[in-house]
Protein chains: 2
Amino acid sequence: MNKIILKTQLLYSEMGKSEKKVADWLISHPGDNLPMSISELAELCESSESTIVRFARRLGFSGYGELKICVAGEQEKKVVLPTINENDSCFEILEKICNDAYLSFERTKRTIAPENIAAAANLIASAGKTVLIGLGSSASVAQDAANKFLRAGYSAYSYGDTHMQMIAASHMKEGDVLIGVSQSGASKDIVEALKFAKSRGISTICITGTDKSPIMKQSDIVLLTDTEETKHSSLALSSHLSRLVVIDSLCYYLVYRNEENGTGLDEENENNLRSKRVNE
Amino acid sequence: MNKIILKTQLLYSEMGKSEKKVADWLISHPGDNLPMSISELAELCESSESTIVRFARRLGFSGYGELKICVAGEQEKKVVLPTINENDSCFEILEKICNDAYLSFERTKRTIAPENIAAAANLIASAGKTVLIGLGSSASVAQDAANKFLRAGYSAYSYGDTHMQMIAASHMKEGDVLIGVSQSGASKDIVEALKFAKSRGISTICITGTDKSPIMKQSDIVLLTDTEETKHSSLALSSHLSRLVVIDSLCYYLVYRNEENGTGLDEENENNLRSKRVNE
DNA sequence: AAAAACCTGAAATAAATTTTCAGAACGAAA
DNA sequence: TTTCGTTCTGAAAATTTATTTCAGGTTTTT
């Protein structure tokens, strides 16, 4: 996995026409060392020196010199082209999915509002109990989250069927938190449940990958993850992973908070769990 | 092994006093990247620009620029393990978790046997039905996988409680596949279920993060993911993600296989799902 | 259709690298 | 110790390379 090329792909859509020529050249010459000088590269890319400097800056380098050095540093790693096609072996697909996940994480870091994650974590930390709901693959995200939160010492539960979700919502009290997970942000039952909870004074959080979606209106705190349309199919693999890392970061934060109160994942407890092999 | 340093040592005796200062600096700063400019380095070595150029030429480079690039290329990409500490903000934790996930993917790609993924995919593709079992966070991996496999057009089911797992196993037939997910590879109930199935001629696959673990003995095909010990706690966040990307790659492969038979994720079906907002 | 925002490359400027060269340091021979 | 020749060195000049600026062009917005 070549980080420079991945980053190039990540930022490709934000580039101008001429900058894209530079990007294209880089992507199509993965193994190559950069030609020694900026002028040479400018000529190869049919672009200008200034454009190349701008390109390097966009990727986060101080200038062309730094880019050149980093490209040399990434050398031997072979690059995997992004789109999966039907002749790929399973392993090639795995490589592409890992790349895709990396890009999705990068997009998530740019999309999510840091203050909102903090607010969500603090809300969960001080909540009476936390309920997570989602459908389909979002149900397993919700389940995973509940699992981890509970482990970290917080009362958390997840429900994957719409009846149970509504029942759970109706038994929540002020001071509790309801977290709705929905990639589309439009799953009717989830939105309804959040709306119902909100009307009763219960705090609501959503984790979604779609900006300006219905679920956002029903949520006190919005955690917006990778919003890139998935090109392939509704399997939406990498966005699923992005939602998980957001959960994981909340979870870690909560672990540390709880450790301060002495109710966290303490040694003894964890060793207990491990000896019973419930560590997964 | 750093070739440039070796070469420096080889030629050390032929160098002048000032050139040796450059050599000494290089040898005593093996990990470092070269400072950006030749003047900076000259100052650090208490020497001059021209001496450095001569030094670079002696090692066989065309000049300082080439030396700089090659040093960068030889740099051991020592990865800084981003340990999370208690003063990190939620967003910082998110960044570290993403890094950790990236590393975990890299490890998984190195650990997993490409031919085993292919074998697993083919087994699932030709199986009557596929059952996935796991406990704790592995249960949500299993659930997620079943969800996706089913979506891709394969009969797949997951069970998260030990009774149901055993019942399901006992109703499986030859030609079916049982997939056990277990990070430790030692969860007694999962291992037992696989053993039982295997004894009845059912194909077994395991997805585990622990080499030489009990579950491997009961599995026809082993998918070994990131085996790095998690330093933090048994939350084992990133290894969880690694297991998911393995699932995802199987799943993608199966989608393509099914498309060939015309039973895959076809447009119409997917649009249908989308219009009902069950795309997650 | 006008205005604003943005992208681009030629040229000017700045910075880094390489070369040149005069003198210092060392060694061998007288 | 002196003298000559060789090698090594660094300051400064020359050259190459990188960066910034700016005016003109393009696209987007209003």
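The figures here come from the full heavy-atom set of this structure, side chains too, leaving out hydrogens, waters and symmetry mates.
- Every residue two or more places apart in sequence or in another chain was checked for a side-chain contact (heavy atoms from CB on, under 4.5 Å) with A:E43, and none qualifies.
- Atom CD1 of A:I38 and atom P of D:dT17 are 11 Å apart (whole Å).
- Proximity of A:L194 to A:S219: side-chain heavy atoms (C-beta onward) are separated by under 4.5 Å at one or more points.
- Taking 4.0 Å as the cutoff to heavy atoms of chain A, we find the contact window on DNA chain C bounded by C:dC7 to C:dA10.
- Checking A:S184 against A:T210 by side-chain atom types alone, no donor-acceptor pair falls below 3.5 Å.
- Listed by first and then second residue, the salt bridge (charged side-chain N to carboxylate O under 4.0 Å, His left out) pairs that reach into residues 191-218 of chain A are A:K198-A:D220, sequence neighbours excluded.
- Note on B:D144 versus B:K148: salt bridge recorded, some NZ/NE/NH1/NH2 to OD/OE distance being below 4.0 Å.
- With respect to A:I179, the side chain to side chain contact (heavy atoms under 4.5 Å, CB included) criterion is satisfied by exactly one of A:L123, A:T130, A:I221, A:V131: A:T130.
- Contacts classified as salt bridge (charged side-chain N to carboxylate O under 4.0 Å, His left out) and involving residues 109-122 of chain A (residues at least two apart or in different chains) are given here: A:E14-A:R110, A:E106-A:K109.
- Between B:E66 atom CD and D:dT16 atom P there is a gap of 17 Å when expressed in whole angstrom units.
- Looking only at atom types and distance, the side chain of B:S48 has a donor-acceptor partner in the side chain of B:T51 under 3.5 Å away.
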Under a cut-off of 3.5 Å for both distances of each Watson-Crick or G-U pair, what dot-bracket string does DNA chain C give, using [ ] for crossing pairs and | for inter-strand pairs? ||||||||||||||||||||||||||||||
Sugar-phosphate or base contact per nucleotide [nucleotides 8-15 of chain D; S, B, -; heavy atom under 4.0 Å]: SBBB----
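- Both tests hold for A:K3 against B:Y102: distance to the six-membered ring centre under 6.0 Å, angle to the ring axis within 45°.
- Between the side chains of B:S104 and B:S242, at least one donor N or O lies within less than 3.5 Å of an accepting N or O.
- D:dT17 atom P lies 12 Å from atom NZ of B:K68, rounded to whole Å.
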